[in-house]
Every structure is written in structure tokens, then in C-alpha cells.
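Notes follow once the structure below has been shown.
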Amino acid sequence: MSVIGAVHDRRGAYRLGPGLLSLAGVPKPSRPGPGRPPGTKNRRRADRHDLGRVLATAKRSAGLPTTRRAPSPDAARDDNEQQALLKQIALESYDRIVGLVLDQIAIDGSITKAPGGGEVAGRSPVDRGKQGLKRSGMTDGYGIPLGRVLAGANRHDSPLLAPTLDLLEHLGPLPDDITVQLDAGYDSDKTRTELAARNLHGRIAHKGEKAPIQASERWHVERTHAWQNAFHRLARCSERRATVANAFFDLADTIITIRSLIRRAWTTHRWDDRPKRRP
């Protein structure tokens with residue numbers, strides 16, 4: 001299914017047709033104004049960080065109803081499937097135009113709040129035992145989110161490694177030599193055995209040794225966690241069903257992927273609503 005068409009123009013750059021790059025006009029995050037005292041924050045969250053508004057805008061653009069009533073189970077399932085499909089289209093478009101760096105994979109966990117509990121919530125060890133959500137996220141060598149596994153905040157990172165690596169099967173052909181970047185939480189013989197069984201090379205930080213995050217390629221996944229936490233619905237997840245929580249993560253990952261695609265394709269491609277400055 002072709003979403004973005006690319007042809008050469010007279011200057012030798014690629015020209016993109018209408019498609020996912022239409023999100024180039026998404027508003028930027030709000031910043032403190034000149035009249036606000038130093039050290040204070042703008043309490044209003046930017047529209048692009050509100051997944052509810054993004055989803056409502058997308059539905060209005062597609063001519064779909066945006067009622068506040070609870071959707072039927074069939075409608076909710078269709079929405080979840082559509083968001084997963086949209087994420088897959090964004091990944092394929094990024095891979096075709098820029099290229100995914102699949103020979104360097106980074107995996108790490110992140111804990112956020114889950115005040116409503118739910119299927120993938122547990123007692124958070126970093127929030128006085130309150131309900132929390134842990135996601136074991138996987139990114140490519142640039143930081144493009146490839147998938148995640150949701151679990152309770154009381155789960156350790158190491159047991160979530162195997163189900164996270166299973167997500168590689170949905171990415172199609174993979175390089176023969178893949179290096180997985182992991183922090184000291186995965187420093188165990190069980191982790192090395194799991195990687196060896198999948199013919200993967202592991203670059204694991206050792207426990208008890210100082211290893212700056214800049215010393216490896218693991219900082220990409222840390223940056224992606226920060227990008228995802230910029231969405232309030234993900235930083236404070238109130239969804240109780242795992243399928244709904246995964247759907248909102250898919251929507252956020254789609255936005256992150258498209259923004260990275262626009263930024264990296266800005267210097268090599270041309271399209272109708274291309275920003276004048278590199279975003």
C-alpha cells in the first residue's frame with residue numbers, strides 16, 4: 001500500500017506526494033512567554049501532546065463522529081486496529097524514505113503512573129507503592145519506537161526482554177548482525193543465554209561499574225522514553241485495559257515517527273507543505 005510517493009525534481013532532491021507528511025503543521029510545544037516570571041512553567045499542555053485532541057482532530061478530518069459517549073466494543077476494537085495499522089504504515093514509510101537502523105537495537109524499561117490501576121498496573125517501587133505502569137520499549141539505532149511490552153511497575157526489566165525481542169518478528173527482513181544495547185539491569189547469564197539463542201549480540205553495562213549513557217548507543221531509547229512521556233495520557237495512564245493503553249502508545253509512536261521522518265527528510269526531499277525551516 002503506497003502512502004507517500006517520491007520522485008526526483010530538477011535539483012536532485014526527492015519530492016513527496018501528499019500523505020503522512022501532512023502532519024508537518026502540528027503546533028509546537030508552548031513555551032513560557034516574556035511576561036512570565038523566570039523559573040515558572042506554562043501549565044497549559046501543548047495541543048500536540050494531548051492524544052485525546054489529536055485523535056478527535058483525526059476523526060473530524062476523516063468525517064467520523066466524535067461523540068463523548070462510550071463506544072461499543074466493536075467500535076473500540078476497530079479504533080485499536082486502525083491505530084496499530086497507522087503505526088505500521090508510518091514505520092514502513094520511514095524505512096522506505098530514511099531507513100530504519102535495525103543493526104543497533106536498544107531496549108530499556110520506564111515506569112509511569114497508573115492511578116486507575118488496570119490489567120497492566122502494579123505497585124510502583126519508586127512511587128511509595130502506588131499503582132504504576134512499566135513499559136519495556138524497543139527502538140532502532142536512531143530512536144524510532146519499534147514496539148513495547150506493558151507490565152506492572154513491580155516487574156523487573158530482565159523477564160520482559162524475551163517478549164520485547166519477539167516484536168522483531170513483525171519488522172520483516174532483519175540484518176544478519178544485530179547488537180542489542182542494554183543497561184546493567186540486564187547483566188545476567190539468563191540474558192546472555194536468551195540473546196545467544198536468537199543469534200543476537202548484546203552490549204550490556206556491568207553492575208557496579210560506572211558507564212555513562214553517552215558511552216554507548218543506549219541513550220536513544222532514553223530519549224524516546226522522554227518523547228513518549230511528553231504525552232500526558234502516557235505519563236499518567238488512566239486506561240484499565242491493556243489493549244486501549246497499547247492503542248494510545250501506538251498513536252504516540254506514530255506521531256514520533258512522522259516527526260522524525262519530517263525532520264530527517266527535510267534536507268533531502270521536497271513536498272508541498274514542507275516547512276521553511278528544519279523542524
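For clarity, every value in this text was computed on a predicted model and none was experimentally measured. Numbers here simply count residues along the sequence, with the first being 1.
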Under a 4.5 Å cut-off applied to non-hydrogen side-chain atoms, are [X] and [Y] in contact?
{"X": "Leu165", "Y": "Ile107", "value": "yes"}
{"X": "Arg236", "Y": "Pro115", "value": "yes"}
{"X": "Arg148", "Y": "Asp250", "value": "yes"}
{"X": "Ile262", "Y": "Trp271", "value": "yes"}
{"X": "Tyr94", "Y": "Arg264", "value": "yes"}
{"X": "Arg192", "Y": "Asp187", "value": "yes"}
{"X": "His220", "Y": "Asp140", "value": "no"}
{"X": "Gln181", "Y": "Val221", "value": "no"}

Practice task
Could you walk me through whether His225 and Arg135 pass the side chain to side chain contact (heavy atoms under 4.5 Å, CB included) test, one step at a time?
Solution key: CA-CA 9 Å; His225 283 318; Arg135 63 177 180 269; 3.3 Å; yes
Side chain to side chain donor-acceptor pair (under 3.5 Å) involving [X] - partner list, sequence neighbours excluded:
{"X": "His201", "value": "Asp177"}
{"X": "Arg155", "value": "none"}
{"X": "Ser188", "value": "Thr191"}

Would you say [X] and [Y] are hydrophobically clustered, going by side-chain heavy atoms of ILVMFWY under 4.5 Å?
{"X": "Leu168", "Y": "Tyr142", "value": "yes"}
{"X": "Leu102", "Y": "Ile144", "value": "yes"}
{"X": "Ile256", "Y": "Val101", "value": "no"}
{"X": "Ile105", "Y": "Leu200", "value": "yes"}
{"X": "Trp227", "Y": "Ile111", "value": "no"}

Exercise for the section: Only one of Asp108, Leu160, Leu161, Leu150 passes side-chain contact (heavy atoms from CB on, under 4.5 Å) with Ser136; say which it is. Expected result: Leu160
Exercise for the section: Applying side-chain contact (heavy atoms from CB on, under 4.5 Å) between Thr254 and each of Leu85, Leu91, Leu86, report the one that passes. Expected result: Leu86
If I take atom [atom1] from residue [X] and atom [atom2] from residue [Y], how far apart are they, to the nearest 0.5 angstrom?
{"X": "Gln104", "Y": "Thr139", "atom1": "CD", "atom2": "OG1", "result": "10.5 Å"}
{"X": "Met138", "Y": "Thr164", "atom1": "CE", "atom2": "OG1", "result": "7.0 Å"}
{"X": "Ile204", "Y": "His206", "atom1": "CD1", "atom2": "NE2", "result": "8.0 Å"}
{"X": "Leu234", "Y": "Phe249", "atom1": "CG", "atom2": "CZ", "result": "4.5 Å"}
{"X": "Leu261", "Y": "Ser93", "atom1": "CG", "atom2": "OG", "result": "7.0 Å"}
{"X": "Ile178", "Y": "Asp103", "atom1": "CD1", "atom2": "CG", "result": "8.0 Å"}

Handout entry: Whether over 12 other heavy atoms sit under 6.0 Å from Arg123 CZ
Key = no
Exercise for the section: Return yes when atom CZ of Arg128 has more than 12 non-hydrogen atoms of other residues, nucleotides or ligands closer than 6.0 Å, and no otherwise. Expected result: no
If I compare all heavy atoms of [X] with all of [Y], which pair ends up nearest, and what's the gap?
{"X": "Gln228", "Y": "Pro145", "answer": "NE2-CB, 4.1 Å"}
{"X": "Leu133", "Y": "Ala151", "answer": "CD1-O, 3.5 Å"}
{"X": "Lys207", "Y": "Ala184", "answer": "CE-O, 3.3 Å"}
{"X": "Ala242", "Y": "Val120", "answer": "CB-CG1, 3.8 Å"}
{"X": "Ala121", "Y": "Gln131", "answer": "CB-OE1, 3.5 Å"}
{"X": "Asn229", "Y": "Ser110", "answer": "ND2-OG, 4.1 Å"}

Handout entry: Verdict with supporting geometry, Arg233 and Glu239, side chain to side chain contact (heavy atoms under 4.5 Å, CB included)
Key = CA-CA 9 Å; Arg233 191 179 287 264; Glu239 304 296 339; 3.1 Å; yes
Handout entry: Verdict with supporting geometry, Ile255 and Phe231, side chain to side chain contact (heavy atoms under 4.5 Å, CB included)
Key = CA-CA 11 Å; Ile255 297 175; Phe231 298 95; 4.2 Å; yes
Handout entry: Exam field: side chain Arg278 to backbone Arg263, donor-acceptor pair closer than 3.5 Å
Key = yes
Problem - Short side-chain to backbone donor-acceptor contact, Arg203 and Thr179, under 3.5 Å - result: no
Handout entry: Lys/Arg-Asp/Glu bridge criterion (N-O < 4.0 Å) met for Glu194, Arg198
Key = yes
